[in-house]
> 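The structure follows.
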Amino acid sequence: MNEAQERIYAAIAAIPPGRVASYGAIAARAGLPGRARLVGRLLGEVPDGMTLPWFRVLRASGEVALPRGSKGFREQCRLLKAEGVEVKNGRVPLSRFGLDADVDRVLWGMPGF
DNA sequence: GCCATGGCTAGTA
DNA sequence: GCCATGGCTAGTA
């Protein structure tokens, strides 16, 4: 496994439960800005035995990227809901569940914001 | 050639 | 929804 690969898997593993991140955001966090598609491809070939919260990765729009009606699509929605993420027809509101949504929460709690 | 992306636009309600 | 992109792979020569 090359370095880029390890960093991307590490970035995915670091998404906290109940939160989601876009392919692009993962790439950026892995130090590979612009490599969103690489993230998607690597998710399709996760090594056996590696446990990864793959379902916390979504499109930049907040939509589940897998084709609707596919087994994976349903599974992803199910896993997300299971940890409290709101999924309304294949889509998650990033403003509330995105990685930096907590920044918003902090700001809201601050006097003057 | 393919695609587990992303960004932007037209066109509706 | 559509199109531009980038990166990787299968399949041919």
Side-chain angles (χ1 to χ4, degrees):
Chain A
M1 188 154 60
N2 65 43
E3 168 135 357
Q5 211 167 161
E6 307 208 353
R7 297 170 65 136
I8 286 174
Y9 285 139
I12 295 169
I15 308 172
R19 311 299 294 282
V20 297
S22 70
Y23 294 82
I26 291 301
R29 285 187 161 223
L32 300 163
R35 311 294 303 280
R37 290 192 97 116
L38 175 61
V39 174
R41 207 165 42 70
L42 290 178
L43 277 173
E45 48 185 60
V46 176
D48 282 358
M50 181 188 291
T51 303
L52 211 65
W54 59 272
F55 56 90
R56 295 180 190 140
V57 186
L58 305 169
R59 283 201 173 214
S61 59
E63 292 165 297
V64 168
L66 265 22
R68 294 197 172 241
S70 69
K71 165 122 186 280
F73 177 91
R74 286 188 296 277
E75 179 70 349
Q76 184 162 12
C77 292
R78 187 183 71 69
L79 290 167
L80 286 170
K81 289 172 183 164
E83 57 183 35
V85 174
E86 177 185 316
V87 187
K88 67 152 208 198
N89 76 86
R91 184 192 190 83
V92 172
L94 295 183
S95 57
R96 292 167 54 206
F97 300 98
L99 269 187
D100 41 63
D102 57 330
V103 172
D104 298 335
R105 281 196 266 277
V106 169
L107 289 177
W108 287 341
M110 287 177 74
F113 281 86

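Naming convention: chains lettered A, B, ... in sequence-line order (proteins, then strands); numbering from 1 in each chain.
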> Identify the two heavy atoms, one from Ser22(A) and one from Ala60(A), that lie closest to each other, and give their separation to 0.1 Å.
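Looks like CB-CA, 3.8 Å.
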
> What pairs of residues pass the side chain to side chain donor-acceptor pair (under 3.5 Å) test when at least one of them lies in residues 59-75 of chain A, not counting sequence neighbours?
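Found Ser61(A)-Glu63(A), Glu75(A)-Arg78(A).
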
> Within the structure provided, determine whether Val57(A) and Tyr23(A) are in side-chain contact (heavy-atom separation under 4.5 Å).
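The answer is yes; the side chains approach within 4.5 Å.
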
> Expected output check: what is the dot-bracket annotation of DNA chain B, where ( ) and [ ] are pairs inside the strand (brackets for crossing ones), | is paired with another strand, and pairs are Watson-Crick or G-U under 3.5 Å?
|||.||||.....

> Please identify the 5'-most and 3'-most nucleotides of DNA chain C with any atom under 4.0 angstrom from a heavy atom of chain A.
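Footprint of chain A along DNA chain C, 5' to 3': dT5(C) to dC8(C).
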
> Going by side chain to side chain contact (heavy atoms under 4.5 Å, CB included), Phe55(A) matches just one of Val20(A), Leu80(A), Leu66(A), Val64(A). Which one?
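Output: one option passes, namely Leu80(A).
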
> With rounding to the nearest 0.5 angstrom, report the CG to CG distance, Leu94(A) to Leu99(A).
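Taking CG in Leu94(A) and CG in Leu99(A), the distance rounds to 9.5 Å.
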
> To the closest 0.5 Å, what do you measure between CG (Asn2(A)) and CZ (Arg7(A))?
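Answer rounded to 0.5 Å: 10.5 Å.
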
> For residues Ala21(A) and Ile15(A), report the shortest heavy-atom separation together with the two atoms involved.
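Taking every non-hydrogen atom into account, CB-CD1, 3.9 Å.
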
> Would you mind writing out the side-chain donor-acceptor pairs for residues 38-49 of chain A within the sub-3.5 Å range, not counting sequence neighbours?
none

> Between residues 20-51 of chain A and DNA chain C, which residues have a heavy-atom gap below 4.0 Å?
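The answer is Arg35(A), Arg37(A), Arg41(A).
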
> Mind listing the closest non-hydrogen atom pair of Ala36(A) and Ala27(A) along with its distance?
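Answer, listing the atom of Ala36(A) first, then Ala27(A): N-CB, 3.9 Å.
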
> Which atom pairs, donor and acceptor, lie under 3.5 Å between side-chain atoms of residues 82-90 of chain A and protein residues at least two apart or in another chain?
residue	atom	partner	partner atom	Å
Glu83(A)	OE1	Arg56(A)	NH2	3.0
Glu83(A)	OE2	Gly18(A)	N	3.0
Glu83(A)	OE2	Arg56(A)	NE	2.8
Glu86(A)	OE1	Arg96(A)	NH1	2.9
Glu86(A)	OE1	Arg96(A)	NH2	3.2

